[in-house]
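We name chains A, B, ... by the order of the sequence lines, and we start the count at 1 in each one. Model, not experiment: these values are computed from the prediction. Scope of the values below: all heavy atoms of this structure, side chains included, with no hydrogens, waters or symmetry mates.
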2 protein chains.
Amino acid sequence: MRITSLEEYGLRCALQLAKFKKKSTLVSASQIAELEGLSVEYVSKIMHLFRKAGVVESTRGIQGGFSLAKMPTDFSVKEILDVFAVTQKGNDDLQGFCTNHAGTQSECVHKSQCSIRPVWVHIFDVFDRVLCSITLENLLEGSSALSEKIRSVNFAEQTKEERK
Amino acid sequence: MRITSLEEYGLRCALQLAKFKKKSTLVSASQIAELEGLSVEYVSKIMHLFRKAGVVESTRGIQGGFSLAKMPTDFSVKEILDVFAVTQKGNDDLQGFCTNHAGTQSECVHKSQCSIRPVWVHIFDVFDRVLCSITLENLLEGSSALSEKIRSVNFAEQTKEERK
DNA sequence: TTAAAACATCACAAATTTGTATTGATTAGC
DNA sequence: GCTAATCAATACAAATTTGTGATGTTTTAA
């Protein structure tokens, strides 16, 4: 269970974008690179993914830069992380769980009775509730506010799968 | 945020081990490979990791095989997944979060004021509470029992970090 | 109109993970 | 003792992810 590099750095960049958004100023890839200690090329790649996903808007030319597409209060952490999930192979939407196999067989041997899938469904449901409820603004507010926010998440309700 | 292949297949193998444990019989790598549709070599690798971590005990020779070191009621899912975390680079114990960088700098630019670390601390705390509370036995019991189990997890209490 | 600063896109090298192969050691049964 | 089945350990090839490079386009301002 790991956070990919793109997710970690992507979220950091998103936080920088959030700060500049609140000041209503554009921020360039090189500025973010400087602030985060990353290479300009790497930040550019992240911004490219953000733009394709509609997370940022870009302005070309000298004095150009990037701007978060919505206010930090309106972006959940999940929305940011999902930008990178699509480029990854085994991602958290449970797609591919039962099709990717190191294996001697072309189809999942648990097709009819899979004991693993419900586990991930439930665990990722908990995870999603947390990630959906936290906004970029919450992250900017600091640790104790974040902690409070997480405590307020409702974990008791039915999962999507169960409602089907 | 993704589950690695070793984690997914490792947990499946652990479930097979749990079933045989309840029958008090040894199970060989080739048997598990057959049951899970994996190659014998791959299962052997997983068993090797399990044994090094003390999750299974092995018996050599013809009629040898593997046996879960404790009963399925006494193994949490987290204990199983942690076996594979140690072989991975960025793992869920938060080690390395602030030392691995795609970067132009040798140290984390957020050393003094990191806005990302508290996020992962909190999120992984929630995750750990779930993974620690689910046993292999719970997984064998099926989806609805599992669902109930997850609902009973206490998410409100302080995190380890906060108690420090 | 030219130059500089910035984004856009794609290609590619390095690192990591994934899965297989190989060789060796151990045990049971004949 | 010999053989077959099994675990033990390590090496290695393929696939994937990670991060950089190179080339081109757009815009502003002198």
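Using modelled atom types, one side-chain atom of A:Glu7 and one backbone atom of A:Thr4 make a donor-acceptor pair closer than 3.5 Å. In this structure, A:Lys21 contributes its side chain and A:Leu68 its backbone to a donor-acceptor pair below 3.5 Å. A donor-acceptor pair under 3.5 Å is absent between the side-chain atoms of A:Glu8 and the main chain of A:Ser5, judged by distance alone.
Looking at the side chain of B:Phe66, the nearest of the listed nucleotides C:dC7, C:dT20, D:dA8 is D:dA8. Of the candidate nucleotides C:dT9, D:dT18, C:dT20, D:dT18 has the atom lying nearest to any side-chain atom of A:Arg2. Nearest nucleotide to the B:Arg60 side chain, out of C:dG19, D:dA8, D:dT25: D:dA8. Looking at the side chain of B:Ile62, the nearest of the listed nucleotides D:dG19, D:dC7, C:dA28 is C:dA28. Comparing C:dG19, D:dT20, C:dT20 by their closest approach to the side chain of A:Tyr42 singles out D:dT20.
Fit an axis to the five pairs at each end of the helix from C:dT1-D:dA30 to C:dC30-D:dG1 and the two axes sit 10° apart, to the nearest 10 degrees.
Computed from coordinates, the A:Phe50 CZ to C:dC7 P distance equals 14 Å when rounded to whole Å. Here the P atom of nucleotide D:dC7 and the CG atom of B:Leu17 are 11 Å apart, to the nearest Å. In this structure, A:Ile3 atom CD1 and C:dT16 atom P are separated by 18 Å, rounded to whole Å. Put simply, CD on A:Gln31 is 12 Å from C1' on C:dA5, counting in whole angstrom units. Summarising the geometry, the separation between CD on B:Glu8 and P on C:dT17 is reported as 17 Å, rounded to the nearest angstrom. Across the protein-nucleic acid pair, B:Leu49 atom CG and D:dT10 atom P stand 12 Å apart, rounded to whole Å. Between the C1' atom of C:dT18 and the CD1 atom of B:Ile46 lies a distance of 11 Å, rounded to the nearest Å. Regarding A:Lys45, its NZ atom lies at a distance of 13 Å from the P atom of C:dA11, rounded to whole Å.
Between B:Ser39 and the phosphate of C:dG19, there is no side-chain N or O to OP1/OP2 separation shorter than 4.0 Å. Close to C:dA8, at under 4.0 Å from its OP1 or OP2, lies a side-chain N or O of A:Ser58. Between B:His48 and D:dA9, a side-chain N or O to OP1/OP2 separation shorter than 4.0 Å is present.
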### Task
Walk me through it: do B:Lys70 and B:Glu79 pass the test side chain to side chain contact (heavy atoms under 4.5 Å, CB included)?
CA-CA 12 Å; B:Lys70 296 187 292 186; B:Glu79 282 177 272; 3.1 Å; yes
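Residues A:Thr59 and A:Glu41 both approach DNA chain D. Their nearest nucleotides, taken by heavy-atom distance, put A:Glu41 toward the 5′ side. Residues A:Arg51 and B:Gly61 each lie close to DNA chain C; by heavy-atom proximity, the contact nearer the 5' end of the strand is made by A:Arg51.
A salt bridge does not link A:Lys149 to A:Glu141: none of the charged side-chain nitrogens sits closer than 4.0 Å to a carboxylate oxygen.
Using a 4.0 Å heavy-atom distance criterion, B:Gln63 is classed as a sugar-phosphate-only contact. No contact: B:Ser44 has no heavy atom under 4.0 Å from any strand.
Looking at every heavy atom in both residues, B:Phe84 comes nearest to B:Gly10 through CZ-CA, 3.5 Å. When all heavy atoms of B:Val55 and B:Phe75 are compared, the pair lying nearest together is O-CZ, 3.6 Å.
Because its NZ or CZ atom is not both nearer than 6.0 Å to the ring centre of A:Tyr42 and within 45° of the ring axis, A:Lys45 does not count as a cation-pi partner of that residue.
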